[in-house]
Number of protein chains: 2
Amino acid sequence: MTSEHDLTEFHTPLFSVNNVLFTMLQDSLKVLLVKRTSAPFKGRWELPGECVDIELDDNTDMSALRNIKALTAATPQFFEQLQAFSGINRDPRGFSVSLVYYALISPQCIAVKPSAVEEVKWMDLSAIQDLAIAFDHKQIIATARSQLQQKALYSMIPVYCLADQFTIGQLKAAIEAIIAKPIQRKSLIRRVEASGMLEALDEKVKSGGRLAQLYRLKSDTETVYFERSLSFG
Amino acid sequence: MTSEHDLTEFHTPLFSVNNVLFTMLQDSLKVLLVKRTSAPFKGRWELPGECVDIELDDNTDMSALRNIKALTAATPQFFEQLQAFSGINRDPRGFSVSLVYYALISPQCIAVKPSAVEEVKWMDLSAIQDLAIAFDHKQIIATARSQLQQKALYSMIPVYCLADQFTIGQLKAAIEAIIAKPIQRKSLIRRVEASGMLEALDEKVKSGGRLAQLYRLKSDTETVYFERSLSFG
DNA sequence: TGTATTTGTGTCTTAGTGACACTATTAACT
DNA sequence: AGTTAATAGTGTCACTAAGACACAAATACA
């Protein structure tokens with residue numbers, strides 16, 4: 001309470017960092033949420049995040065990454081600033097600014113550390129609609145998802161939310177989960193070849209029909225962006 | 001000095017908002033800069049910006065727009081959050097976060113208000129290379145320009161840095177100034193038609209050869225994004 | 001052996017850009 | 001008045017990557 005009052009005195013906004021972590025689990029797109037243990041919104045789910053620690057962090061990227069490492073014990077394969085959300089009404093404690101990052105992480109890395117006292121959960125994106133989420137975090141998730149959708153249409157970014165070995169079918173499922181539309185399998189295969197980002201392994205796996213070729217990311221490969229977006233069909 | 005100390009005590013970063021304002025003037029792309037009147041970097045050029053005023057602003061967008069209105073007496077036609085820049089070394093006064101917006105504005109609106117004591121100038125982008133700019137603002141300008149370049153390749157956004165009446169040739173020049181590559185006139189015309197954003201006026205203007213058709217933005221039109229990026233030729 | 005199912009290929013169509021020749025219209029110059 | 005340079009605008013073929021979809025290949029299971 002006192003600190004709140006003091007901050008207002010300096011006319012500086014409350015500043016924090018939040019993360020929207022995506023992964024592909026059980027054939028659906030998930031977001032990592034934690035349960036609040038204090039007011040406001042005590043007991044509600046929210047996005048993980050924390051305040052910037054001027055002593056520990058050189059910049060806000062480090063703050064966000066520190067938060068992710070504390071949750072999953074792994075560095076995300078894709079990590080990018082989304083945008084800042086701000087306003088006088090989004091947090092009852094006063095004018096607040098939340099700098100939000102979003103990231104894609106392999107489902108293998110989900111050793112969601114139970115070290116913290118908090119409850120942590122990979123939440124299905126479709127389940128979030130009907131869930132009470134703290135602050136404006138539902139809106140933030142929607143924005144992050146929208147950004148991810150755009151990128152999925154003209155880049156290979158969706159590979160980063162898969163396990164390190166995967167089939168074209170799994171990649172297709174991930175893309176379709178992200179953009180919520182079906183895509184042409186053929187178009188995806190063309191892109192996989194054109195990107196040169198993946199290499200086929202000497203291994204195939206069962207998939208209900210013909211065995212499926214396994215792929216993995218080539219080492220030291222950069223994300224490829226295409227000049228054309230996929231459409232829907 | 002005291003306030004600096006107090007802020008450190010609360011471990012909260014210095015927070016401010018900055019604007020990268022672009023316009024097309026004298027056939028070249030310009031950025032609005034102001035001259036610093038106090039330490040640090042006194043006398044150097046910097047991006048316009050200011051601190052969030054919790055009393056005046058509902059959110060950071062309003063802070064940025066308030067800053068723009070104070071400088072140009074006009075609302076920009078395109079205005080968007082770029083990203084936050086942060087770090088312990090970018091401002092000698094301590095850990096700082098700058099939330100940067102970028103905007104495109106018509107050169108007609110350049111009634112750069114001399115009301116403020118500051119010196120204000122539209123600086124040619126090519127001149128910025130060899131100029132001493134305060135803080136990391138040169139880097140910020142480069143990032144904003146890069147973002148603008150991307151968008152220029154797949155949208156009609158460059159129209160927003162032109163006067164309200166313009167020719168295809170002027171639009172072509174603006175795009176080429178933004179992306180620093182020549183484009184095909186024919187491709188541009190095809191996009192102008194496909195977008196449906198512009199309407200031809202009953203007027204033509206001199207241009208050194210055949211008279212050029214004047215266009216303007218249709219009212220109530222939304223920015224069109226294409227599925228394909230332009231390449232270079 | 002036959003059928004359902006999924007993987008993967010072949011190929012025609014479609015859409016939008018690149019390239020570039022060609023026409024149109026104006027000013028300036030002789 | 002005629003010629004030329006310059007810019008505006010059109011016509012059209014080539015190229016590329018995506019959409020659509022038929023079809024072949026491989027596996028499980030009845």
Side-chain angles (χ1 to χ4, degrees), chain A residues 27 149-156 158 162 165-176 179 181-216 224-233, chain B residues 27 149-156 158 162 165-176 179 181-216 224-233:
Chain A
D27 289 326
Q149 280 180 344
Q150 288 306 311
K151 300 229 172 192
L153 293 175
Y154 63 83
S155 78
M156 292 285 287
L162 295 176
Q165 298 189 3
F166 53 88
T167 67
I168 297 284
Q170 286 165 345
L171 177 54
K172 178 165 181 282
I175 295 173
E176 291 177 337
I179 71 176
K181 305 262 184 183
I183 61 167
Q184 292 280 333
R185 182 184 189 81
K186 180 70 176 177
S187 300
L188 175 57
I189 291 173
R190 280 192 286 234
R191 285 195 157 192
V192 166
E193 284 171 7
S195 73
M197 286 177 66
L198 306 184
E199 59 187 358
L201 301 174
D202 296 332
E203 206 176 337
K204 305 193 184 223
V205 290
K206 292 188 217 175
S207 64
R210 175 175 168 174
L211 296 187
Q213 177 67 53
L214 270 184
Y215 290 84
R216 73 166 167 219
V224 170
Y225 294 86
F226 303 99
E227 287 194 344
R228 238 188 253 204
S229 284
L230 295 173
S231 355
F232 318 106
Chain B
D27 288 326
Q149 280 180 344
Q150 290 305 311
K151 300 229 172 189
L153 292 176
Y154 63 83
S155 79
M156 291 287 285
L162 296 176
Q165 298 190 2
F166 53 88
T167 67
I168 297 283
Q170 287 165 345
L171 177 54
K172 179 166 180 280
I175 295 173
E176 290 177 338
I179 70 176
K181 303 261 184 188
I183 61 166
Q184 293 280 334
R185 183 187 188 82
K186 179 69 175 179
S187 300
L188 175 57
I189 291 173
R190 280 191 286 234
R191 286 195 157 192
V192 165
E193 284 171 7
S195 75
M197 287 178 67
L198 307 185
E199 61 187 356
L201 302 175
D202 296 331
E203 204 175 340
K204 303 190 184 225
V205 290
K206 292 190 219 174
S207 65
R210 175 173 168 175
L211 296 187
Q213 177 67 53
L214 269 184
Y215 291 84
R216 74 166 168 219
V224 170
Y225 294 85
F226 302 100
E227 286 194 346
R228 229 188 259 204
S229 284
L230 295 174
S231 359
F232 319 107

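Proteins get letters first, then strands, A, B, ... in listed order; numbering begins at 1 in each. On a predicted model such as this, the values are computed, not experimentally measured, just so you know.
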Notebook entry, point to check: So among E199(A), E203(A), Q165(A), which one has a side-chain hydrogen bond (donor to acceptor under 3.5 Å, both in side chains) with R216(A)?
Noted result: E199(A)
In whole angstrom, what separates [X]'s [atom1] from [N]'s [atom2]?
X	N	atom1	atom2	result
L171(A)	dT6(C)	CG	C1'	16 Å
I168(B)	dT7(D)	CD1	C1'	13 Å
L230(B)	dA19(C)	CG	P	11 Å
K181(B)	dT17(C)	NZ	C1'	17 Å
M156(B)	dG16(C)	CE	C1'	15 Å
R185(B)	dC22(C)	CZ	P	19 Å
Q213(B)	dT10(D)	CD	C1'	15 Å
I183(A)	dA18(D)	CD1	P	11 Å

Is the distance from OP1 or OP2 of [N] to the nearest side-chain N or O of [X] less than 4.0 Å?
X	N	result
S207(A)	dT6(C)	no
S231(A)	dG19(D)	yes
Q184(A)	dA18(D)	no
R228(A)	dG16(C)	no

Would you indicate whether the side-chain heavy atoms of [Y] and [X] approach each other to under 4.5 Å?
X	Y	answer
L211(B)	V205(B)	no
E227(B)	R228(A)	no
F226(A)	M156(A)	yes
L230(B)	R191(B)	yes

Check: Can you list, by residue number, the residues of residues 187-196 of chain B that have a non-hydrogen atom closer than 4.0 angstrom to DNA chain C?
Finding: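 The stretch gives S187(B), R190(B), R191(B) as the residues lying under 4.0 Å from the strand, ordered by number.
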Return the minimal non-hydrogen interatomic distance between [X] and [Y], and the atom names on each side.
X	Y	value
P182(B)	E176(B)	CA-OE2, 3.3 Å
Q170(B)	F166(B)	OE1-CA, 3.1 Å
Y225(A)	S155(A)	CD2-CB, 3.6 Å

Note to self: Looking at K186(B) and dG11(D), is any side-chain donor or acceptor paired with a base atom of the opposite kind under 3.5 Å?
What the structure shows: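 Counting by modelled atom types and ignoring angles, a donor-acceptor contact under 3.5 Å is found here.
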Next item on the list: Return the set of residues passing side-chain contact (heavy atoms from CB on, under 4.5 Å) with I189(A) (not counting sequence neighbours), or none when no residue passes.
Entry: I168(A), R185(A), E193(A)
Item checked: Per-nucleotide protein contact string for nucleotides 24-30 of chain C, where B marks a base within reach and S marks sugar-phosphate only (heavy atoms under 4.0 Å, - for neither) -> BBB----
